[in-house]
Amino acid sequence: MTTSHNPADRPQSTGVDKKTGAVLSYALGWVTGVVFLFVGKHDPDVKFHASQSIVFFGAVSVLNIVLSFLGSLLGALGIVFGLAGLALAVVAVVVWVLAMVRANRSGGVRAELPVVGRFTAPYADRLAASVR
């Protein structure tokens, strides 16, 4: 049996290596973000990816709820909010795929989300630091 000398390849206390933990943090949006925030709490990079997933996909979920609510109140004008919700969903799917690809390519090391990373990273840092 060979042992890896690269710390990114070693399994963490969860039995999942850093790269897999980072990618899986985005797999089901904020849901897996919450799971890996606590499961990967001994790895700051996995915690960062998990926190970033929670912040971004949580914000997308809240925005979708608000857009749906406003769209239902405004009748015919609600179509505009429906289209905005559709556009938000498309952006979220694109960012979701890019996040998993970036987490995979980085080997699980901290990597900001494409496009929205500069907005979400400060909140993700605070959330990750709050879980010990």
Side-chain angles (χ1 to χ4, degrees):
M1 180 173 172
T2 61
T3 58
S4 174
H5 296 289
N6 184 354
D9 293 337
R10 283 191 218 132
Q12 302 303 312
S13 61
T14 61
V16 175
D17 63 85
K18 177 187 295 274
K19 181 175 162 180
T20 304
V23 172
L24 288 177
S25 293
Y26 299 106
L28 296 175
W30 62 266
V31 174
T32 50
V34 170
V35 170
F36 278 90
L37 183 63
F38 292 100
V39 170
K41 67 182 180 182
H42 299 295
D43 187 324
D45 293 327
V46 172
K47 274 181 33 176
F48 176 80
H49 284 285
S51 298
Q52 190 166 236
S53 178
I54 293 167
V55 170
F56 177 72
F57 294 109
V60 167
S61 295
V62 168
L63 282 173
N64 267 325
I65 290 168
V66 168
L67 289 171
S68 295
F69 179 71
L70 290 175
S72 68
L73 289 178
L74 298 175
L77 191 58
I79 292 172
V80 174
F81 289 98
L83 292 174
L86 180 61
L88 180 63
V90 169
V91 168
V93 168
V94 169
V95 171
W96 175 63
V97 170
L98 291 174
M100 288 194 295
V101 167
R102 183 168 281 178
N104 185 44
R105 285 189 180 158
S106 73
V109 176
R110 177 181 292 230
E112 289 183 1
L113 282 173
V115 182
V116 297
R118 65 182 178 181
F119 302 112
T120 61
Y123 300 108
D125 280 330
R126 282 189 231 149
L127 181 59
S130 70
V131 176
R132 301 250 180 246

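Residue indices begin at 1 and follow the sequence shown.
- Residue Ala22 comes nearest to Gly108 through the heavy atom pair CB-CA, 3.6 Å, listed as atom of the first residue, atom of the second, then distance.
- Among residues at least two apart or in separate chains, there is no salt bridge (Lys or Arg N to Asp or Glu O under 4.0 Å) pair with a member in residues 76-90.
- Residues meeting the side chain to side chain contact (heavy atoms under 4.5 Å, CB included) test with Ala99, sequence neighbours left out: Tyr26, Leu113.
- Residues Ile65 and Ile54 are members of separate hydrophobic clusters, defined by side-chain heavy-atom contacts under 4.5 angstrom among Ile, Leu, Val, Met, Phe, Trp and Tyr.
- In this structure, NZ on Lys47 lies 14.5 Å from CD on Gln52, to the nearest 0.5 angstrom.
- In this structure, Thr32 contributes its side chain and Val35 its backbone to no donor-acceptor pair below 3.5 Å.
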Distance-only criterion, 3.5 Å: show the donor-acceptor pairs between side-chain atoms of residues 73-87 and protein atoms not counting sequence neighbours.
none

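- When each of Ser53, Ser51, Ser130 is checked for a side-chain contact (heavy atoms from CB on, under 4.5 Å) with Leu37, only Ser51 meets the rule.
- One hydrophobic cluster holds both Leu88 and Leu70 under the rule that ILVMFWY side chains link at heavy-atom gaps under 4.5 Å.
- No continuous path of ILVMFWY side-chain contacts below 4.5 Å connects Leu67 to Val94, so the two sit in separate hydrophobic clusters.
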Q | Chi angles and distances behind the side-chain contact (heavy atoms from CB on, under 4.5 Å) call for Thr20, Asp17 | A | CA-CA 5 Å; Thr20 304; Asp17 63 85; 2.9 Å; yes

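- Placement of Val34 and Phe56 within a single hydrophobic cluster is found when ILVMFWY residues are connected by side-chain heavy-atom separations under 4.5 Å, directly or transitively.
- Inter-residue side-chain proximity for Ser61 and Asn64 is flagged as unmet; no heavy-atom pair is nearer than 4.5 Å.
- Atom NE2 of His49 is separated from atom CG of Leu24 by 11.5 Å, given to the nearest 0.5 angstrom.
- Cluster annotation: Val23 is connected to Val101 through the hydrophobic network of ILVMFWY side chains, with a link wherever side-chain heavy atoms come within less than 4.5 Å.
- The structure places CZ of Arg102 at 14.0 Å from CZ of Arg110, a figure rounded to the nearest 0.5 Å.
- At least one side-chain heavy atom of Trp96 sits less than 4.5 Å from a side-chain heavy atom of Phe57.
- When all heavy atoms are compared, the tightest approach of Ala92 to Val60 is CB-CG1, 3.9 Å.
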